[in-house]
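Written out below as structure tokens is the structure these notes cover.
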Amino acid sequence: LYEFMLLEKPIILYLKEGVDEFYKATDFVKLTKDACHILKSPENLIRILENISIDSKDLSKNRKKLLKNTFFDPEHATKNITSILLKE
């Protein structure tokens, strides 16, 4: 999931029956679901793949929001950690 967010690639999240209800209460899961194409049954995979470029603009914005909320300074992490390690 995180690799696709960092690479700015579409994410298909498979939520089979019952899984969605299990995670419904957490805010993080809502942010994740808002950033993904939701697949509830394998029969819908072709439809999602056919429409992935049409639906991706809003999801891209949501992926960036999720990335920002999940990682600290994601575009500069290597520079930041190197700086911290060199100081010690």
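Index from 1, following the sequence. Just so we're clear, the structure is a prediction, and the values are computed from it rather than from any experiment.
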* Asked: So how far is it from R47 CZ to L39 CG, rounded to the nearest 0.5 Å?
  -> 8.5 Å
* How long is the gap from CG on N44 to CD1 on I12, to the nearest 0.5 Å? -> 11.0 Å
* Does D34 use its side chain to pair, donor to acceptor, with the backbone of N62 at less than 3.5 Å? -> no
* Asked: Is there a donor-acceptor contact under 3.5 Å from the side chain of R63 to the main chain of K9?
  -> yes
Minimum heavy-atom separation for [X] and [Y], please, with both atom names.
X   : Y   : value
P42 : Y14 : CD-OH, 3.7 Å
I48 : I38 : CD1-O, 3.3 Å
C36 : L13 : CB-CB, 3.8 Å

* Hey, mind stepping through E8 and S60 against side chain to side chain contact (heavy atoms under 4.5 Å, CB included) and telling me if it holds? -> CA-CA 7 Å; E8 187 48 41; S60 176; 2.5 Å; yes
* Test side chain to side chain contact (heavy atoms under 4.5 Å, CB included) applied to I11 and H37, step by step -> CA-CA 6 Å; I11 301 166; H37 298 274; 6.0 Å; no
